[in-house]
Amino acid sequence: MNDGPVEFIEDNASLNQVGSDKFWKVMIVDDEKSIHDITITSLKGFMFEGRGLRFLNAFSGQEAVALFHLHPDTALLIVDVVMETQNAGLNFVHYVREKLKNHVVQVVIRTGQPGLAPESDVISKYKINAYYSKTELRIQKLISLFTTSLRTFDISVRLEAELEKRREAEQELISLNKSLEEKIEERTRQLVRANQLKSLFLANVSHEIRTPMNGIVGMADLLMDEDLAPDQKEYARIIQSSAASLLAIINDILDISKIESGQVIFEQRSFSVKMLVHEVISLFRIKAGEKNLDLIINVSEDMPHFLVGDETRIKQILINLVGNAVKFTEQGFIRLAARIENKDRDECLLFFEVEDTGPGIDDAYTDRMFDPFSQQDASITRKFGGTGLGLAISRHLARLMSGDVTVYNKKPHGSVFKVVLQLKKNVSGSLEAVTGEGEKEKISDLIERISQLDLKILLAEDHPVNQRVILLMLKKMNLSATVVANGEEVLKMIREKAFDLILMDVRMPVLDGIETTKIIRAPESDIKNKTIPIIALTALAMQEDAERCLKAGMDRYLTKPIHSDKITYAIADLFKV
């Protein structure tokens, strides 16, 4: 019996030292030494693919296990079955295949007792590559067996190496994807945070500007309802229009945010194109007069008395375009033209042109002039001011109305902006919506019916000017109100007295309108009239602000600047008059 596994290296001058990759490792596992000697002698001088043989010798299954651990790169195992036990060789093969998960080494069973078990079952169960009796393996068959086995091993090793590269590449790709997903998630979180901060900033800016604007617009509206001299009426109208223009700037900032988030909602009401064009031009007569510019209006004779659409949004587009024309034109004229093209009985295309005799537009700038915050030259902002949002908003709005805004230069100088909008026709034939007379009669009727309700109203508003404006609006409806300046005073007042309605500002010191409303509506609160109607009056103009108010329990939501008609309609709706 041998003392342990041994190694034999064939004496071949072309072979290098032990361990060189110029050897194919072949392990003979057999308890008969003569089998080892015969095999080694038979394969003397054997070469395959320029590499010789390095024999590893084990005389039992246990020795084979230990030797294979030392040489896991063995290419071929020639294994006897019966050694220290009846199945020692098969147990060794099972260990290599199942425990070590080595499926590339070639396994040849060479047994002196063939036929004891069905060879097909043995080959399949133990994943054996070949099965022979010891008497079968003569020199030529050994050479053929070694050649085939080493070729198969070489191919298997190369394939396994390629598969390993692919597995590593796949793992690297998985890691890269995971890293990319993490970066995208982080970037998404940053964008969400940035959008939240932007929305908060816009809400704060809007609130701070709308609060004093409520006083300007409200007082102008009240003045317009007074019996004024013609000159005074015109002054009041200019104040009103100027306030509307200032409000448009505020709305520009909010509109970009709404457009980006898809929150723009269009009204569908009758309006007069002719009146709209004249109103837009009237806003710029003073400024144009200062520069001696002529303002020209051309409305086609076949223009219907009225169309159906969002007059405010269309006016916003035209104000942006005419305003730019007046701003950049130093001499000559600005022309606002309107014409119509019928599509069918119910719809039409409305075309506007704003032509000026200004410096024109650099051809290199026309492709990006509708981008937000874009100016043809940095000096323009310093000289003329503006947000750089007007053209971007105008095009966005036009496209949302199935139209567009385009521009081209006019020879020898100047530019022309073209607007096309798809609108509905007003087929009712009623001029009531255009003249506004029917609307005024309706408002008067509502005011008369509201005044008969003898409502006890509590006004919660901390701004003195806005207190005055709303009280005057209520006075027009023959209504009065008790005024408080914060939510705590609201709670104190409604605990002491009975009220029919609360007009509630949202942002107030001490306790704001949202929290005050929640306390009133809470089932566990000590407020007796938990269902008292509450109308929010707020300078917060974002969609989420409206949702927050309604979620808190407020019944209606009015955005500052507040017109008296808005309050009238809200009260009439709440009390079903």
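Side chains included, hydrogens not; waters and symmetry mates left out as well; all remaining heavy atoms used.
Between the side chain of D505 and the backbone N or O of M508 there is no donor-acceptor pair closer than 3.5 Å. No donor-acceptor distance shorter than 3.5 angstrom exists from the side chain of D37 to the backbone of T39, with no hydrogens or angles considered. In this structure, S179 contributes its side chain and S175 its backbone to no donor-acceptor pair below 3.5 Å. N129 places a side-chain N or O within 3.5 Å of a backbone atom of V107 that can act as its donor or acceptor partner. Looking at K530, its side chain does come within 3.5 Å of a backbone N or O of I527 through a donor-acceptor pair. No donor-acceptor distance shorter than 3.5 angstrom exists from the side chain of S144 to the backbone of Q140, with no hydrogens or angles considered. Here the side chain of D310 pairs no donor or acceptor atom with the backbone of F266 at under 3.5 angstrom. E84 places a side-chain N or O within donor-acceptor distance of the main-chain N or O of G61, the cut-off being under 3.5 Å. Of the possible donor and acceptor atoms, none in the side chain of T517 sits under 3.5 Å from a partner among the backbone N and O of G553. No donor-acceptor distance shorter than 3.5 angstrom exists from the side chain of R269 to the backbone of E311, with no hydrogens or angles considered.
Side-chain contact between C549 and V506 is present, with at least one heavy-atom pair separated by less than 4.5 Å. The shortest distance between side-chain heavy atoms of D555 and I535 does not fall below 4.5 Å. Between L145 and Y132 the shortest side-chain heavy-atom distance falls below 4.5 Å. Side-chain contact between L307 and C348 is present, with at least one heavy-atom pair separated by less than 4.5 Å. Under the 4.5 Å side-chain criterion, counting only non-hydrogen atoms from C-beta, R54 is not in contact with W24. Residues L491 and L511 meet the side-chain proximity criterion, which asks for heavy atoms closer than 4.5 Å. The side-chain heavy atoms of V420 and E341, taken from C-beta on, include no pair separated by under 4.5 Å. E63 is not listed as a side-chain neighbour of L67, based on a closest heavy-atom distance of 4.5 Å or more.
With respect to D80 and R110, no salt bridge is recorded, no charged nitrogen being found less than 4.0 Å from a carboxylate O. By the 4.0 Å N-to-carboxylate-O rule, R507 lies too far from D462 to be salt-bridged with it. Under 4.0 Å is where a charged nitrogen must lie from a carboxylate oxygen, and between R167 and E170 no such pair does. Salt-bridge formation is not detected for the pair R313/E267: no Lys NZ or Arg NE/NH1/NH2 atom is positioned less than 4.0 Å from an Asp or Glu carboxylate oxygen. Of the charged side-chain nitrogens involved, at least one lies within less than 4.0 Å of a carboxylate oxygen, so that R399 and D404 count as a salt-bridged pair. One finds no salt bridge joining E181 and K178 here, because no Lys/Arg side-chain nitrogen approaches an Asp/Glu carboxylate oxygen to under 4.0 Å.
No more than 12 heavy atoms of other residues, nucleotides or ligands lie within 6.0 Å of CD in E172, so this atom counts as exposed by the packing criterion. Counting heavy atoms of neighbouring residues, nucleotides and ligands inside a 6.0 Å radius, atom CZ of R189 exceeds 12 of them. Other residues, nucleotides and ligands contribute more than 12 heavy atoms inside 6.0 Å of the CD atom of E353. Environment of NZ in K410: crowded, with over 12 heavy atoms of neighbouring residues, nucleotides or ligands closer than 6.0 Å. In the displayed structure, I139 atom CD1 is contacted under 6.0 Å by at most 12 heavy atoms of other residues, nucleotides or ligands.
Side chains of T406 and R395: no donor on one and acceptor on the other come within 3.5 Å. Side-chain contact annotation: Q422 with E347, donor-acceptor N/O pair under 3.5 Å present. No hydrogens or angles considered: a donor-acceptor pair under 3.5 Å links the side chains of S133 and E136. In the model, S415 has no side-chain atom that pairs as donor or acceptor with a side-chain atom of N409 under 3.5 Å. A donor-acceptor pair shorter than 3.5 Å cannot be found between the side chains of Q190 and R193.
The minimum heavy-atom distance between V405 and S394, with the atom names listed, is CG2-O, 3.8 Å. The two atoms that bring L391 and F370 nearest to each other are O-CD2, 3.5 Å, heavy atoms only. The nearest pair of heavy atoms linking N486 to P509 is CB-O, 3.0 Å. Across all their heavy atoms, V105 and N102 have their closest contact at N-OD1, 3.1 Å. Summarising the geometry of T74 relative to F153, their closest heavy-atom pair is O-CE1, 3.6 Å, with the distance given to 0.1 Å. Nearest heavy-atom pair across V354 and A325 is CG1-CB, 4.1 Å.
The OG atom of S149 lies 10.0 Å from the CG atom of L142; values are rounded to the nearest 0.5 Å. Between the CG atom of D526 and the CD1 atom of I520 there is a distance of 11.0 Å, given to the nearest 0.5 Å. The line from NZ of K183 to CG of L176 is 8.5 Å long, rounded to the nearest 0.5 Å. Expressed to the nearest 0.5 Å, how far CE of M554 lies from CD1 of I534 amounts to 6.0 Å. How far CE of M83 is from CG of L90: 8.5 Å, rounded to the nearest 0.5 Å. One distance of note links CG of L318 with NZ of K315; it measures 10.0 Å at 0.5 Å rounding.
Taking the six-membered ring where the residue is Trp, the centroids of H36 and F59 are separated by under 6.0 Å.
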Item to check | Trace of the side chain to side chain contact (heavy atoms under 4.5 Å, CB included) decision for F352 with F417 | outcome: CA-CA 8 Å; F352 293 102; F417 282 82; over 6 Å; no
Next on the checklist: Determine whether K33 and N57 satisfy the following criterion, side chain to side chain donor-acceptor pair (under 3.5 Å), listing intermediate values before the conclusion.
Outcome noted: CA-CA 9 Å; K33 186 178 184 301; N57 304 93; over 6 Å; no
Checklist entry - R151 and E49: salt bridge (Lys or Arg N to Asp or Glu O under 4.0 Å), yes or no, with the steps? => result CA-CA 9 Å; R151 179 181 291 114; E49 298 289 345; 5.5 Å; no
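Of the candidates V93, I109, V96, Y126 forms a side chain to side chain contact (heavy atoms under 4.5 Å, CB included) with just one, namely V93.
The aromatic rings of Y95 and H69 stand perpendicular to each other, their planes meeting at an angle above 60°, with 30° marking the opposite boundary. Between F146 and F46, the ring planes lie perpendicular to each other; the angle is over 60°, past the 30° to 60° tilted range.
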